[in-house]
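Structure, as structure tokens:
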Amino acid sequence: MIKAYILIRARVGKLENILKEARKLKNVESLAVVAGDYDIIIKAKVKELEDLMSLTDEIQMIDGIKQTTTQVVEKEITV
Amino acid sequence: MISIQIRKKHLFYVLAVSSSLIAAVVTGIDSWITHLLVETYSFEKVPWLFGFSAFLVGTVVTLLLCLLFSIPFKGRSIGGRLIDPSFNHLRLVQREELKYHLLAGLGNAVTTVGYFYLLSVMVDPSAVLPFYQVVILYLLMVEVVAEKNSPTLVEVQSSVIVTFGAILGSISLSGNIDLTAMAVIFLVVNPGWVILSIYQRRLKLLKIKDKPNDSLNIRFWNLVFTFIFITVFILVFDQVRGTSYFMESLDASRRFFWWIALSMSVTFFSYVFYIRALGIGKASITQAVKATTIIFAVPVTFVLTLFMPISMPSTPVLWLIKGMGMILVVLGIVSFAVTQVKAYVFIRAQPGVKVSSLLEEVWNIRGVDSVSAVSGKYDLVAKVRIRTLLKGYERIIRKLETIPGIKEFRWNSILKEWENV
């Protein structure tokens, strides 16, 4: 399994629409609205890198997305 | 595939409250079974006979339920679809689980014998259940020593509010406190429950073959180990005291099989939800939410009064005390729920610094729930969970600033979050 964080910057006024569409996406482990450098953080879990590409493509297609940055997880420690 | 997106916080409360509702129903059924057992066997035997019978019958019933939930349906097991997404099928205990199962089984055996003793001396379940809630304070103390996350002031305050509320609720129906029952609660039942909760949580957080452990296997194997301990206890007791409780327990299991099977089937769901909640929240907070049992115990007690000689409060003052207790329990739980701050922290490492050692250093900071080494713009992504933003500064940011390998970090507070469950 491959995990990745997809960091999203949204256009002003489009956050609700992005959230509505993002919640329909497959391979999404969690979805968070944040305050800071980014607006939304998606944690994705996919079988292959190709699936991650499809997911980021789908995200890019959502109306209101200004920029996405993908961070692929190499190692994770969690409680 | 069934996939529900829900806020993780909501899932936690749904699981914990469902578990407490079912637990209240179970206590009602158990009171009824105890009533039947007291009519058949002498009073002092009942805790032992019921304890043994519950785990003998419970192991059989849970085995059947787990096998039923292991049946595949459209590529996933029924249990995985309906109860716990991590469940695939019933399996053998793995080596890494064994130590935790032994300790959880021992805790369950001790707490159960104490529980049935209480039920046999106090027929009113709503006067028995609330004493359980004091266990939150034990758990908080254990977490201070053993867990990564020490309690904040809000957690301590909320736990004390819940505990006091539960105690107030407990004295309202019968109007008096049995000192022997209190000693059993504080010295036997609650310590046993603490051991059970801590090690069930450890089991739930374990990864089995790189997959999250599931609550159904944990429950089944906990029953098996508890049954072994109860059998050892009862055989030793028979040897020392010259009694024949073991044989009488087998007789009780046969005579009251269906009632006990009903109780243990319902208990199965209460535990499975509780274990799942333990995998999400700290043991003390899960226990606090489970304190809602005292609220559910009231309608259950009303129903029981139709069949059993249970006295209800006769004066408005007693009802007032009980009402105040319930309000305190709810207030304590709401206070837990609303005071939580989560954030993502994105970290860049200084050139030449080993990211793997930085990963460990960030992981060792209290309040860090997870940390990932990532490729891309940043080197590490940490997810933190604290009670207040002030704690975020004191506990996280100040620590991050002392780590020499960190070039810069960015804090992104989580405003709302959904998890795929």
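The sequence lines fix the lettering, A, B, ..., with proteins before strands; numbering per chain opens at 1. Just so it is clear, the structure is predicted and the values come from calculations on it, not from any experiment.
- At a cut-off of 3.5 Å, with distance as the only test, no side-chain donor of N213(B) or Q94(B) sits close to an acceptor on the other residue.
- Residues Y344(B) and Y38(A) keep their aromatic ring centres 6.0 Å or farther apart.
- Side-chain atoms of S77(B) and N88(B) form no donor-acceptor pair, as typed in the model, at a separation below 3.5 Å.
- Heavy atoms closer than 4.5 Å to chain B are found in the side chain of L19(A), but not in its backbone.
- Using a cut-off of 4.0 Å between Lys/Arg side-chain N and Asp/Glu carboxylate O, E361(B) and K354(B) are scored as not salt-bridged.
- For Y5(A), the part lying under 4.5 angstrom from a heavy atom of chain B is the side chain only.
- Most heavy-atom pairs under 4.5 Å with chain A, from the set V371(B), N412(B), V355(B): that is N412(B).
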